[in-house]
Structures are given as structure tokens and as C-alpha cells.
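For reference, the structure is listed below as C-alpha cells.
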Amino acid sequence: MFEAVSPKTNFAELEEAILAFWAAEGIFEKSVANREGAPEYVFYDGPPFATGLPHYGHLLAGTIKDIVPRYWTMQGRRVERRFGWDCHGLPVENEALKDLQEKQGLSLSGKYDIEQYGVDKFNEYCRSIVLRYTKEWEIVVKRMGRWVDFENNYRTMDPSFMESIWWVFKQLWDKDLVYKGYRVMPFSWKLSTPLSNFEAKMNYKDVQDPAVTVRFRLVDRENTAVLAWTTTPWTLPSNLALAVGPDIQYVEVVDEEDGGHLILAEARLAHYRKVTKKSLEVVKTHEGRDLLGSKYQPLFDFFAEEGDYNAFQIIESGHVTTKDGTGVVHMAPAFGEDDFHACKAAGIRMVDPVDVEGKFTAPVSDFEGMNVKEADRHIIRALKDRGLLFHQGVLNHSYPFCWRTDTPLIYKAIDTWFVKVEAIKDRLLASNAQITWVPEAIGTRRFHNWLNEARDWNISRNRYWGTPLPVWESEDGSDFIAVGSVEELERLTGAQVDDLHSHFIDKLTIEKDGKTYRRIPEVFDCWFESGSMPYAQKHYPFENKEQMEANFPADFIAEGLDQTRGWFYTLTVLSTALFDKPAFKNVVVNGLILAEDGKKLSKSKRNYPDPMLIINNYGADCLRSYLINSPVVRAEPLKFSEKGLTQIYRGVVSPLWNAYSFFVTYANLDDYQPEGDLTGSPHELDRWIISRFQSVVADVTRHMENNLLYNVVPELENFVDELTNWYIRRSRRRFWRSDDPTEQRHAFNTLYYILVNYAKALAPLMPFLCEAIYRNLAMGQGPESVHLCDYPVADQSLIDTVNEERMALARRVVEMGRSLRVAHDLKVRQPLAEISVVPPQGEGAVIDAMAAIIKEELNVRTVNVLEDETTLVHYSARPNLKALGPRLGKSMKVLNPAIRGLEHAAIQGLLDRGSIELEGHTLTVDDFLIDRNTREDRVVATERDLTIALDTHLTESLLLEGEARELVNRIQNLRKEVGLNVEDRIKLAIRGEGVAGCLAQHAAYIQEETLAVALNEGDATAEAHEREINGKKVWIGLVKA
RNA sequence: GGGCUUAUAGCUCAGUUGGUUAGAGCGCACGCCUGAUAAGCGUGAGGUCCCAGGUUCAAAUCCUGGUAAGCCCA
């Protein structure tokens, strides 16, 4: 006996019971251990931050990361799955700062505050909070059915992980792929720290800033100046160049005030005439490129010596526009990213006279110690006094402010360590070419373009909680030592090292050749850390050397689209730099999950349902299937909708479960045991569903091999429909009538085979339901879990194409028949004498073979195969373009209307003779598409090569039979109304106009269908119910026998 | 501003190498249901394939240029 299965099972409870079973029996561990010695299928898990709770995006990625490894496990591979945590970085530091504020009232903001609080205390605080949500993560991830090892997880803050990062860095160092440079970044002088671009975007304000237009006097032109405009006057003392656009038109105008000549963009002239109320007459025009190389006098002489190093000349920059200003841009390379790059290209050195608190330093002696913003007005005054100020105005604009302190940000060059990505660009592209991307365009276009335009990678951060850069700098700044392991550090410093965080190692100094080396202050970008994951999770090369090398690169990873610039990139850069290989061979990229209204998921707006609520309502299997059956698996956005879940539930989960419940119910009634050859039934329907199932297995296997997960669910929906709404519905009686035990056994064997193997095929996608079905049906035979089984293989010998085609034709006839009945208001309960079928060429025998099914489905007495259809239809013709087009080309222009104009008789002639002459061409039947058009006086339907007609003439006999069926229907409804069980026997009484004739013919049929042991005998009239049949009244009474 | 993606029925989406009358589900309308399932079954209506050009005998499909939305970068 199988365990009874209710069609109304609570799936959430069922899933939890299965989770308990997996945990108790260690099924996940067994699924890995069972494949010991088998070829590995290598999976890398991208580490999330545990500073927040998991959302749908994580659940989706987790589902993909579960389905694929489960599939390959069943295909015989050993798949190790370790969870990882991203522990370092700014998000953690910010969380810590917030926490310290809330819990201890400490308002630490910026470099000095943190250093005063103590980097050791701060880092340890970060360490203490970084894993605080891991328990919640584990609960949700497990509840989704994801199998992943949380115990042997990796953490980017583990000493072993950090040591491998050092090793990776040292490799790059030794390959000369690391250098120190500058980068212009948003900078908070209040916090004395650079901010990320992301942080800089967090607090924009509308403010008024001074907008000054300044004269830069040319050296070799008497009384001529170039005008440049800026909203940051404090950067003018650091000016080292002016930039123009080579293709921009410039004009030279006369300033009537002093007769001097001024140069500015033509497009900006009108603006300046307006604001200065001067006529500024044009005396000359210049192309931007003609101005390149012109020397000018520096505004101030603080950095006059830079003139010897290419400064104070006009250079070009692609960023110059004529939207505002003068079309000439003042360049202070320390304070603008575009300035920095343009000056670097022109060979100009950088000067930075502003300290970390935003104050001018000694070289700018006039303003030394003054905050830059405060200095603005003093600088303007100085320029005015010296006649260099052309115009002074005010600009309203949106400007970034520090999100922590609300002070204006400045842009400032800071020391930065880079990896030379540009130098290895070709190798990166070569690595990418070895990766299979789903969807393909991400790899061939998006990622390819990104690599192609890659700039050197800034790997250092001026923060605290991270893996320190293992670089020690000599006191005079002339020499660096890079350290690649703990052992090396211990050897160089003589100290014992247990923890690599900065508060443990920064005090260690290295003495070499009489010089003292101290560690530089920077820590790694956390992307460098996660990009080192393939090596660091194994503590490579300090441990697991052979194991790691044998299993690199990964077979598979799966992450979101945002990782194109994140993990996908850093993995690829490091693996290519180190080993000239990609870090992964296959990747599935998922898109963004949005709320139902198309907006971003937002906790505060509550525009999406809580994941745990969804899981409890629909089950994790349903959620998994929904997520996987959506555009999000092709890297497009998904609007999360509960309706979509209902659809999966109704379309796949519920019918599958009901089919299973149906099987168990009847199998138990007849004490069925699977025995013998389960696929040996000769029955048409059995062979059909078994054949269809092989195709499904073959298709799903193909999709899984290619990681095309989004193709899987539609395949299943279609099969479930075929299984329940055709196979089971058509086979129902075979399961409950045991007059032919062999026939019944075939039916049970078939359905048993389908369910067990379907459970196996679906197990990676719906691990819970499949486990439940498998465990009940297997009855202790075979492995204890479906996930320990091998994946089913499509058996080609069971595929019967002829059978499938026959069934498809029969289903088409039935569908068209139903459509005809509805269109002509002929209800199915009324039997009809005959259906005439004009089958496609040569398919007459098929219709004969399928006649029984057609008769029953359409309630007709006979199926008549017609060879000549012309009594039912008349013809029209269209050209078969696929055949004619390539052959006749342009002639189609005349042939097309000629063919469409052919009359019925002409087409009939074509069909008889096989060819026709038209417009000078000889055309055969294959060159045409013949349409059959129904004649309006007949009940005829036609569709492509198939035509059917219903004989609607109702004889007395047909009417009586129809009446009998109506009676059965009313009686069955009554049985339900009075609360009888399906197996209860009844005594029946029927009275009414003209029912006598019907009863005389069909009493036995009525009794059999309604389980009536007596008809119109004895006491059954007591409770007579009035009903109507075809406009006539009948009275029906029934009592339980 | 740049790169990529998307645009097909009221909604969510399929649509193969260019080929004829472009499909599904939901929703809607009508009908059906006691022997698994009302979270069911059947039938039907519903389309300017974003716009404009181009290539071609033939374009939802290929090309060019727009428009709109999304993601990433600046």
C-alpha cells in the first residue's frame, strides 16, 4: 500500500517535513559523498554581504545555484557547494558606524574620529557585527530547498582567505602588474577621507556658487587673453593648463572697456554679450586646434616652475563643451578627473596644495591655512585687483554634499594603487571568448565591450575594515616591499602573526639596508577579495594545491547582471593575470526583480509580499518554478507578481499533485504493486504518454546541458496538460473497472512509470514535491531519496512517432468537432449520428484507427472517412512562397494575384492532374497552398488539410439517447445534492412527459451510470424533485438502497 | 553623454534559417462538470508586431535612423 495522498495537501507543511527528513538522514551530504571519485562539477558561490536580510534577488540566484548542481549530481558528477560571506568593506563600516551611534551614542564621522576611537576597537566592532544575519540567511536559503554547505563556508575575513589574497597580490606585483598612482575622487574634508562615487551621489543639494570668468593672458600675443570659466575659484591657484575642443569654433573679440582682445567659443559669445552688456566685436575666428600649444601667463606664481614641465599652455580635451562657460576649460589636475587625464596626456605634472582638511598648504602662501570654500572670495578679490577677472556671476546648480556631515564635497587626487588591466586587455578578451554566457549577448557584447574599454583597476581603499595591502614603504618613500605570505612577513619582521587585519600588522616594521619600512595605510577593494575567491576559499597555494589546480576554472557560476562590472570582472582579471584562463566556463546571468508596478523593490514602500509569506502560501517549489520561468533568467527584469505564482500553481504544481493523488487512490483500492516491464503496454494511450515522456526527458536534458533554464517549465506545463487532460481523462475508466485485470495493470504500470520518472526528471527544479512523490511510490526500493537517483535517460526505443502523430490528428479532429458543436449550439450530451472527416492525404486509416476515441469525445455514433471533400468545401489557392519564391523571384509579382484568383474548378483540375499552366509557368500541386472554405449551408469546419462535418439530423433514437444522458446528468446532480457518497447504491423513480419511450430503451444504461438497483419500483417516489429536460418537466425521486 | 537589453492581444510573454492565415497563459464572453482536480474543463472574441526609411519577389524577423523603458558606466 502507498501512503494515502490528499489532493488538498498543505505544501508548506509537506516541504518542512521533507527538510526534516533531509537533515535527519544527511541526504545532501550523501548526494556529494556518493559521487566520491566521480568527475567534479565545479561551482563557485559568489559571496553576499550579510549586513541585510536576503531578498528575492538572492532567492532567485540561489534557485539557479541549486537547480544546476542538483542536475549535475544526478548526472553522476561530484558537486561541492560551499557558501561564502563577503565580510569586508564600506557597507560593513557604515553599518558599524550606524550601530555605534544607535547603541552607544558615539557619533564617529571620518578618519580622525575613527582613529581616535581606535582602529583596533573599530575593526573588532566590524568583525562582531558582520555575521549577525547569517542565521536568518541560513534559514531562508534552506527553506528555499537550496543545498549548500554553511558549515564549511568561506569568509573573506578569515586569516587563510586573507593570506591567499596577499599571495594573489604578490603574484601581480612580481609580474609588474601593480603600480602606485593618483586618482581624483569625491572627497569630504570634514571626514578627511575620499568617498566612493556611490556615496557621492547620496546627497545632492541645490546651491548657489560663484561663477567667475577669468582672463588668461597669452605670452606671445600682445594684449590678448583667453577666457575661462569656473564655479570653483579655489582651484585657480592650482591651474596648470587650459583645454579647448579641437573642432570647436572660437572667436577673438575686442573688449571695448580696455581695447584688449579676448578669445572664447563662438557659441558662447551671445551669452557674454548679454551678461556684460558689451558689444564684444569679432575681429577674428580660430579653430580650436589652431590654439593648441599657445602659452599663457599663470594667474599666480605659486607654481611658476611647472612652466618648465609643459604647464601653462592650451591643450585639448574631449570633454570640452559649449553648454556653459566660455568653451575653454581651466585645468587643475588635482581637482578634476577630466583635468587629471587631459593633463596627464599632455605630460603635465600634478600639484595639490590642499590638505586632507580642505585647507591650503604652504605653496599657496597667500591663502595658507584657509579652507578652500572660504578662500573663494579672497581669490576672486585678488584676481579682480590684478585685472584678471572678466566677469563675476552666480550659478544655481545641484552639487554633491557629504552624506554624513552635510558639508560640500570637493574632488581631489589621492594616492591609489592600480592593477594594470589595460596591459592585459587582449588576454582578458581571449579569456572571455572561452566562457559560455547565458544569455549570450552579455558575454559577446556587454562584457566584451566592458573589457575592451577597461581602465586600470583601482584596488586600494582608504578605509580600515579590509584586507590590508601587503606593501611596506621605506621612510623616504623611495622603495617598497610587497609581502606574499604570513611566513614571509614573520621572516621580515621577526614577529609572530596570527591575524592579518591592519590593527595587528601596522605596527610591524621591516628593517632593510639600514632603512625602516612601514605598511602603507590602504586596504583592498572588497572586489579584489571576492575576485580572489577561487584561490582564497581553498587557501591556495598554501593548502589544497593539487586539488585547486585540478578543479580550476569553475564549470559554473550564476549571479546578477550587476556583476558584469563586479564579480564577473574581478574574477576574470585575476584569473587571467595569474593563469591566463577564465575563472569560470559557464555563467547564467539573471536580471533584476522589480515590484509588480515595475518599480524597484522597496522595504519602506512595502511594494512586494514577504518571501516567507509566499513560501508558506504556495510552497518553495512553486516559487522556484515561478522565478525560473520568467524573463529574469535571460537577464531581463521581472515584475514580481503573485498572479504569476498562482499560474504556476494551477498549471504545474496542482495538476501534477492531483495526478499523483489519483494514482495512489486507485492503486490502493486495487492493491496495485509495480511489477514486470512497466513500459510494455500495447495500449494506444499508454504507448502515447510513454513516448511523449521520452521527448520531454530528452528536451529537458538538452535545456539543462545548455543552462537554458527558462525553457524547462513551459515543457513541463505542456506535458502535465497532456498527462492530466488527455491521458488520465481518457484512461480513467481503465483504472477503476477491473473487468479486465491485464488492461488495468497496463494502465497502472504506465502511470506509475511516468510519475516515478517524472519525479526524477523534475527533482532539480522541484526538489520537495518530487521527493514526496518518489519516496511514496518507490516504497523502499532504490535509493532513499530521489536526489540520490541517476537522472532519467530518454529511451529512444520507446518513442513512437507514428503513434504521436496519430494521436495529434485525433486530438485535432476532436477540437474541431467541439468547436463546431459550440458554434452551432449542439450540446455534447446530445448524441449525433455521424461525423464526416476528410483527412489529410493518405491519413484515412489513421482516422479509422482512432475512431473509438473520436466517437466518445464527440458523442457521435459513427465516424465516416470521406475521400472527396468537394461536397463540403470549395477551394481557393495561395502560392507556396517558400517553394516558388526562390525559383521564380520577381515573377511572383504577377503570379501571386493570378494564383489567388484561381477558381474552385481550376483548383480541382490542378488536384486531379497534378499540375497547371499559369502565366507561362508550369506549376505543380506542391507550389500551392490549397485552402478549403466551408459551404455555409453545412455544419462544416476546415483547418489547413483537415475538414470535418457533423450530421445534425436528429432521429428519434438519437433524441431518446440524448434524453437518457440528460436524465443521468440530473440524477447525478441529485445524488450530490442529497449528500450521497459516490459508491452508494440507490433506488430510483422517474416520471414525466414522454419519458416512457426513453426508459424503455435506456433503463439499463441509466441504472448502471447512477448505481440504481431499482427503477420505478416501490418507495422511491417519496421525494420527487422537479427538473426540466429540453423544455419538458420530469420528476425524479431517489432513496439510498 | 556612452555601452547593453527590451518594445508583439487589455496584462505577462513565446515566435527557429526572412516565406503564406503571428501563438500561449491570464483577464473577458459563452458553455460544461459526481468516479483525480472549482486553485477544474471546453469554445470564442481580441493584433497598425513602437515609428520612419531601406534591402528583398517577400520583413514581426535583416539594415539605417528615430521614439520609449530598464540595467550598467561616465
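These numbers were taken from a predicted model, which means no experiment stands behind them. Proteins get letters first, then strands, A, B, ... in listed order; numbering begins at 1 in each.
- A:Ser891 comes within contact range of no nucleotide atom at all, as no heavy-atom separation falls under 4.0 Å.
- Among the protein residues, A:Lys600 comes within range of the sugar-phosphate backbone only, with heavy atoms under 4.0 Å from sugar or phosphate atoms but none that close to a base.
- With respect to the salt-bridge test (charged N to carboxylate O, under 4.0 angstrom), the residues A:Arg734 and A:Asp686 qualify.
- Distances were taken from every side-chain heavy atom of A:Arg818 (C-beta onward) to each of B:G42, B:C72, B:U37; the shortest belongs to B:G42.
- Taking 3.5 Å as the limit, the base of B:C41 and the side chain of A:Arg729 contain no donor-acceptor pair of atoms between them.
- Residue-level contact check: A:Asn969 touches the backbone only, with heavy atoms under 4.0 Å from sugar-phosphate atoms and none from bases.
- Taking atom CZ of residue A:Arg970 and atom C1' of nucleotide B:C32, one finds them 12 Å apart after rounding to whole Å.
- Using a 4.0 Å heavy-atom distance criterion, A:Leu1011 is classed as a base contact.
- When the P atom is compared between B:C13 and B:C71, the two are found 15 Å apart, to the nearest whole Å.
- Among the atoms of the strands shown, base atoms are found under 4.0 Å from some heavy atom of A:Asn880.
- As judged by a 4.0 angstrom heavy-atom cut-off over every strand, A:Pro637 is placed among residues touching the sugar-phosphate backbone only.
- Here the separation of B:G44 from B:U64, taken at their P atoms, is 42 Å to the nearest Å.
- A salt bridge links A:Asp927 with A:Arg887: at least one charged nitrogen is closer than 4.0 Å to a carboxylate oxygen.
- Across every non-hydrogen atom of A:Glu3 and A:Val664, the tightest pair is O-CG1, 3.3 Å.
- Between the CZ atom of A:Arg900 and the C1' atom of B:A58 there is a distance of 11 Å, rounded to whole Å.
- Under the 4.0 Å criterion applied to side-chain N and carboxylate O atoms, A:Arg730 and A:Glu857 are assigned as salt-bridge partners.
- Contact annotation for A:Arg878: base contact, defined as any heavy-atom pair under 4.0 Å involving a base atom.
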_I'd like to know whether A:Leu60 forms a side-chain contact (heavy atoms from CB on, under 4.5 Å) with A:Tyr626, so could you lay out the CA-CA distance, the side-chain angles of the two residues, the decisive distance to 0.1 Å, and finally the verdict._
CA-CA 10 Å; A:Leu60 166 69; A:Tyr626 168 68; over 6 Å; no
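- A:Arg634 comes within contact range of the sugar-phosphate backbone alone, with a heavy-atom separation under 4.0 Å but no base atom that close.
- If you measure from atom CG of A:Leu669 to atom P of B:A36, you get 11 Å, rounded to the nearest angstrom.
- Within 4.0 Å (heavy atoms only), A:Lys827 reaches no atom of the nucleic acid at all.
- A:Thr665 comes within contact range of no nucleotide atom at all, as no heavy-atom separation falls under 4.0 Å.
- For the P atoms, the distance linking B:G1 with B:G40 amounts to 50 Å, nearest Å.
- One distance of note links CG of A:Leu656 with OH of A:Tyr649; it measures 11.0 Å at 0.5 Å rounding.
- Nucleotides B:C73 and B:C28, compared at atom C1', are 45 Å apart to the nearest Å.
- Rounded to whole Å, the separation between the P atoms of B:C63 and B:G18 comes to 11 Å.
- Atom name P, nucleotides B:G3 and B:G66: the rounded distance is 11 Å, in whole Å.
- The same atom, C1', is picked in B:G2 and in B:G46; the two are 41 Å apart, to the nearest Å.
- Within 4.0 Å (heavy atoms only), A:Pro879 reaches at least one base atom of the nucleic acid.
- Nearest to the side chain of A:Thr724, among B:A39, B:G3, B:A36, sits B:A36.
- Residue contacts shown for A:Phe663 are absent, as no nucleic acid heavy atom lies under 4.0 Å away.
- The existence of a salt bridge linking A:Arg1027 and A:Glu977 is confirmed by a sub-4.0 Å separation between a basic side-chain nitrogen and an acidic carboxylate oxygen.
- Note on A:Gln972: a base of the nucleic acid sits closer than 4.0 angstrom, heavy atoms only.
- With a cut-off of 3.5 Å on both pairing distances, the Watson-Crick and G-U wobble pairs of RNA chain B assemble into stems of 3 or more at B:1-7 with B:67-73, B:10-13 with B:23-26, B:28-32 with B:40-44, B:50-54 with B:62-66.
- Considering only side-chain atoms of A:Trp450, the nucleotide from B:C73, B:U20, B:U5 that sits closest is B:C73.
- Following rounding to the nearest Å, A:Glu717 (CD) and B:A14 (P) show an atom-to-atom distance of 13 Å.
- Looking at the side chain of A:Met892, the nearest of the listed nucleotides B:C57, B:G44, B:U12 is B:C57.
- Rounded to whole Å, the separation between the P atoms of B:U56 and B:G15 comes to 29 Å.
- Note on A:Leu592: only backbone sugar-phosphate atoms sit closer than 4.0 angstrom, heavy atoms only; bases stay farther off.
- Taking all atoms of both residues into account, the shortest heavy-atom contact from A:Ala772 to A:Tyr660 is O-OH, 3.6 Å.
- Residues A:Glu966 and A:Lys827 are paired through a salt bridge, judged by an N-O separation under 4.0 Å between the basic side chain and the carboxylate.
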